[in-house]
K.L.:
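The following block contains the structure, expressed as structure tokens.
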Amino acid sequence: MSMLVAWVVYPLVLGLLCGGLGLLVDLLTGRRLPGTLVLPVGFAAMVVVGEFTTATDATAELTMPLILGLAVAGAGLSLPWRFGRPDRLAVGIAVAVFFVFGAPVIFSGDPTFAGYIKLDDTATWLAMTDRVMEHGRSIAGLEPSSYHATLEFNLAGGYPIGVFVPFGTAQKLVGGDLAWVFQPYLSFMAALLSLGLWEIFGFVRRRPWLAFAAFIAAQPALLYGYALWGGVKEVAAAALVALGAALAPAVVRRGAQLRDVVPLGIVTAAIVGVLSPGGAAWLGPLLLVVAVLALQRFGTRGGLIRAVAFVVLLVVLTIPVLTSGIVPPTSKPLVGSNGEGNLLGPLNPLQVPGIWPAGDFRVDPNGTVITAVLVGLGILAGLLGLWALWRRRATAALLYATALITCAVIVIFGSPWAGGKALATAAPVGLSLAVAGALAVLRLDRLTGTLLVVVVAGGVLWSNVLAYGGVDLAPYGQLHELEQIGNRFAGEGPALMTEYNPYGARHFLRKLQGEGVSELRNRPIPLAERGAGGEVEEVEKGYSADTDELEPAGLFQFRTLVLRRSPVRSRPPAP
């Protein structure tokens, strides 16, 4: 796949799909959606629609045609379009954020992806998306393989799949392998985050400062770092939480109608689809405040009608998720001190303001004094921002800040792994408060405010430059060759890959019934040399093996061997 297709055609197709579905939701609300929110709302609607079609094997392949049809219907029924919406400057900021999140891959010149060494979850996301778009959660008919083991552990266990629906739908239209459009997909969701922030910062009257606020707040260091890890759910959740806060004031504004709860219900259902039912907690404090405001605005009867309508809508839209399990049993530990995953320990909560000048968010920065000053000023700016927002009665921004409550609860009571995800999801909230505080000081005193603006923006950009320098890009040439092998020799399995490569075993060799010698094995592959006590041993996870190191009987289970080229490798057995 060319860079043009990956970074221009794919996001354009995804944007058109989101735009069409967003216009359809806009029609349901009486064409009252802000123009900047049409694409993010369409994204949320795509997640919800896909949850229903991918619920069964029989309907999974209808996902792309149905979403395409709804997008075309939304665009057609919305004629004549209201030109001038969304705001051109807002679109420009979204494109800029898209470029920032995609820069490490774009400048590499190859349509690859980041996070190759630090985390191999992307291999699982690719495997799951491929299966979900064709067979839903069903794994019936699959022969034993690493691909089968991956799906059995995740899909069969109720792992949330909502975030993979837009990813796979646009890829079906564009073609090529999912791996080469994964990073553009992450960058696209970051762009959606900036559009939600644009609406949240609507209280900023001067457009240049509004653009600055949306651009900086969309790229906190921790979320940027997770994006370069392949943190697809964290970026999606951050975008949807911001979208929920941007939509919530419409539910309680003067003259609001009952159908104004529809967009908020769709977004909440999308969060459930992305994170599982427990993910609704991210909008829990916000929804509680909105319910209280609705009772005050519309009286007891009017408030209760809206609350009941919202709950009924949410339950209906999340039926596929609710029937697959409340908490996926395959998730990493949500509580306890042992669930660290690939982290080196609990992440520092001081990363929430968005400034963390280190190449790896798992470690403390080297410049301790400079970092302390930057983070300290960022926290101070955040507190000032909260005060300024309260003074200005900036409803959307204040509702957005309630997500910090959910984050704090998860960090305090959750495992380090769950806490890290929560901090990444909430990082745009903390940075938004810091930006709001810096702009508030700027209104009072130009010199002090300018210095604070420079500190906040400079700290964020410096942090992300360092993260850019520490990125681990997947070797496109090697993985593209695995893609070609998987397609050329499809059906000639089972196949054994003797090198540790989860992307090959779980995804690229799926049509070969590929297994990794040390990755999610279905068949026993013993080493030829026995252990000290004479026991049979197998290759440990993360290691590769030469064919001469393996028991011949184990090799003869496979019809095909996939070996890395090397002058020191042994020749495989003749069969």
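The basis for the numbers below is simple: all heavy atoms, side chains too, and nothing from hydrogens, waters or symmetry mates.
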K.L.:
Does a side-chain heavy-atom distance below 4.5 Å link Pro160 with Leu275?
P.N.:
no
K.L.:
Can a donor-acceptor pair be found, under 3.5 Å and without considering hydrogens, that links the side chain of Gln478 to the backbone of Pro475?
P.N.:
no
K.L.:
Spell out, as yes or no, whether a donor-acceptor pair under 3.5 Å connects the side chain of Arg521 to the backbone of Val539.
P.N.:
yes
K.L.:
How close do Leu423 and Asn348 get, counting heavy atoms only, and between which atoms?
P.N.:
CD1-O, 4.2 Å
K.L.:
How about Trp7 and Phe98: are their ring centres within less than 6.0 Å of each other?
P.N.:
yes
K.L.:
Quick one: does any side-chain atom of Arg510 pair with a main-chain N or O of Arg506 as donor and acceptor, under 3.5 Å?
P.N.:
no
K.L.:
Nearest 0.5 Å please: distance from the CD atom of Glu152 over to the CG atom of Leu520.
P.N.:
10.5 Å
K.L.:
Output the distance between atom CD (Glu549) and atom CD1 (Ile525), rounded to the nearest 0.5 Å.
P.N.:
13.0 Å
K.L.:
Write down the atom of Ala221, the atom of Ser463, and the distance for their closest heavy-atom approach.
P.N.:
CB-CB, 3.6 Å
K.L.:
Taking the side chain as everything from C-beta on, heavy atoms only, tell me whether Pro416 gets closer than 4.5 Å to Leu347.
P.N.:
no
K.L.:
How many angstroms lie between CG in Leu283 and CG in Leu247, if you round to the nearest 0.5 Å?
P.N.:
10.0 Å
K.L.:
List the atom of Gln183, the atom of Thr112, and the distance in Å for their closest heavy-atom pair.
P.N.:
CB-O, 3.9 Å
K.L.:
Ring centroids only, cut at 6.0 angstrom: are Tyr10 and Phe182 within range, meaning strictly under it?
P.N.:
no
K.L.:
Would you say the side chain of Val165 lies within less than 4.5 Å of the side chain of Glu51, judging by non-hydrogen atoms?
P.N.:
no
K.L.:
Less than 4.5 Å apart, any side-chain heavy atom of Val163 and any of Val47?
P.N.:
no
K.L.:
Please check this pair: side chain of Ser146 against backbone of Glu519, looking for a donor-acceptor N/O pair closer than 3.5 Å.
P.N.:
yes
K.L.:
Arg569 and Glu499: salt bridge (Lys or Arg N to Asp or Glu O under 4.0 Å), yes or no, with the steps?
P.N.:
CA-CA 11 Å; Arg569 289 283 184 184; Glu499 180 186 2; over 6 Å; no
K.L.:
Just to verify, which of Tyr185, Tyr159, Phe113, Trp229 counts as forming a ring-ring contact (aromatic ring centres under 6.0 Å, His included) with Trp125?
P.N.:
Tyr159
K.L.:
Which value, rounded to the nearest 0.5 Å, describes the distance between Thr318 atom OG1 and Ile271 atom CD1?
P.N.:
12.0 Å
K.L.:
Return yes if some donor-acceptor pair links the side-chain N/O of Gln351 with the main-chain N/O of Leu222 below 3.5 Å, else return no.
P.N.:
no
K.L.:
Could you go step by step and tell me if Val562 and Leu482 meet the side chain to side chain contact (heavy atoms under 4.5 Å, CB included) rule?
P.N.:
CA-CA 9 Å; Val562 181; Leu482 283 172; 4.0 Å; yes
K.L.:
Tyr500 and Asp120: side-chain donor and acceptor closer than 3.5 Å?
P.N.:
yes
K.L.:
Compare all side-chain heavy atoms of Gln171 with those of Thr129 and state whether any distance is below 4.5 angstrom.
P.N.:
no
K.L.:
With no hydrogens and no angle check, is any side-chain donor or acceptor of Asn501 less than 3.5 Å from a backbone partner on Gly504?
P.N.:
yes
K.L.:
Does the ring center of Tyr503 lie less than 6.0 Å from the ring center of Tyr116?
P.N.:
yes
K.L.:
Within this structure, what is the CG-CD distance for the pair Leu142 and Gln513, rounded to the nearest 0.5 Å?
P.N.:
9.0 Å
K.L.:
To the nearest 0.5 Å, tell me how far Met128 CE sits from Phe164 CZ.
P.N.:
4.5 Å
K.L.:
Do the side chains of Glu481 and Arg565 get close enough for a salt bridge, i.e. N-O under 4.0 angstrom?
P.N.:
yes
K.L.:
Can you see which heavy atom on Leu173 is nearest to which on Met64, and at what distance?
P.N.:
CD2-SD, 3.4 Å
K.L.:
Taking Gln219 for the side chain and Phe215 for the main chain, is one N or O donor matched with an acceptor at less than 3.5 Å?
P.N.:
yes
K.L.:
With the side chain counted from C-beta on, respond yes when Phe101 and Phe188 share a heavy-atom pair under 4.5 Å apart, and no when they do not.
P.N.:
no
K.L.:
Looking at Glu515 and Leu496, would you say the former's side chain and the latter's main chain have a donor-acceptor pair under 3.5 Å?
P.N.:
no
K.L.:
Taking the six-membered ring for Trp and the single ring otherwise, decide whether the centroids of Phe361 and Tyr226 are under 6.0 Å apart.
P.N.:
yes
K.L.:
Which heavy atom in Leu39 sits nearest to a heavy atom in Gly15, and how many Å separate them?
P.N.:
CG-O, 4.0 Å
K.L.:
So does Ala495 get a backbone contact from the side chain of Thr560, meaning a donor-acceptor N/O pair under 3.5 Å?
P.N.:
no
K.L.:
Before giving the answer on side chain to side chain contact (heavy atoms under 4.5 Å, CB included), spell out for Asp130 and Tyr147 the whole-Å C-alpha distance, their side-chain angles and the decisive distance to 0.1 Å.
P.N.:
CA-CA 10 Å; Asp130 173 77; Tyr147 176 64; 2.8 Å; yes
K.L.:
Side chain to side chain contact (heavy atoms under 4.5 Å, CB included) for Thr56 and Ser138? Distances and angles first, verdict last.
P.N.:
CA-CA 7 Å; Thr56 66; Ser138 173; over 6 Å; no
K.L.:
Within the side chain of Glu538, is there an N or O that forms a donor-acceptor pair under 3.5 Å with the backbone of Leu527?
P.N.:
no
K.L.:
What's the verdict on salt bridge (Lys or Arg N to Asp or Glu O under 4.0 Å) for Glu134 and Lys172, showing C-alpha distance, side-chain angles and the deciding distance?
P.N.:
CA-CA 10 Å; Glu134 295 184 0; Lys172 286 287 185 182; 3.3 Å; yes
K.L.:
Consider only side-chain N and O atoms of His480 and Asp177, and report whether a donor and an acceptor are under 3.5 Å apart.
P.N.:
no
K.L.:
Walk me through it: do Trp356 and Asp364 pass the test side chain to side chain contact (heavy atoms under 4.5 Å, CB included)?
P.N.:
CA-CA 8 Å; Trp356 201 252; Asp364 292 334; 3.4 Å; yes
K.L.:
Report yes if the side chains of Thr169 and Pro166 come closer than 4.5 Å at any heavy-atom pair, otherwise no.
P.N.:
no
K.L.:
For residues Ala60 and Val132, report the shortest heavy-atom separation together with the two atoms involved.
P.N.:
CB-O, 3.6 Å
K.L.:
Looking at side-chain heavy atoms only, is the closest gap between Val409 and Phe413 below 4.5 Å?
P.N.:
yes
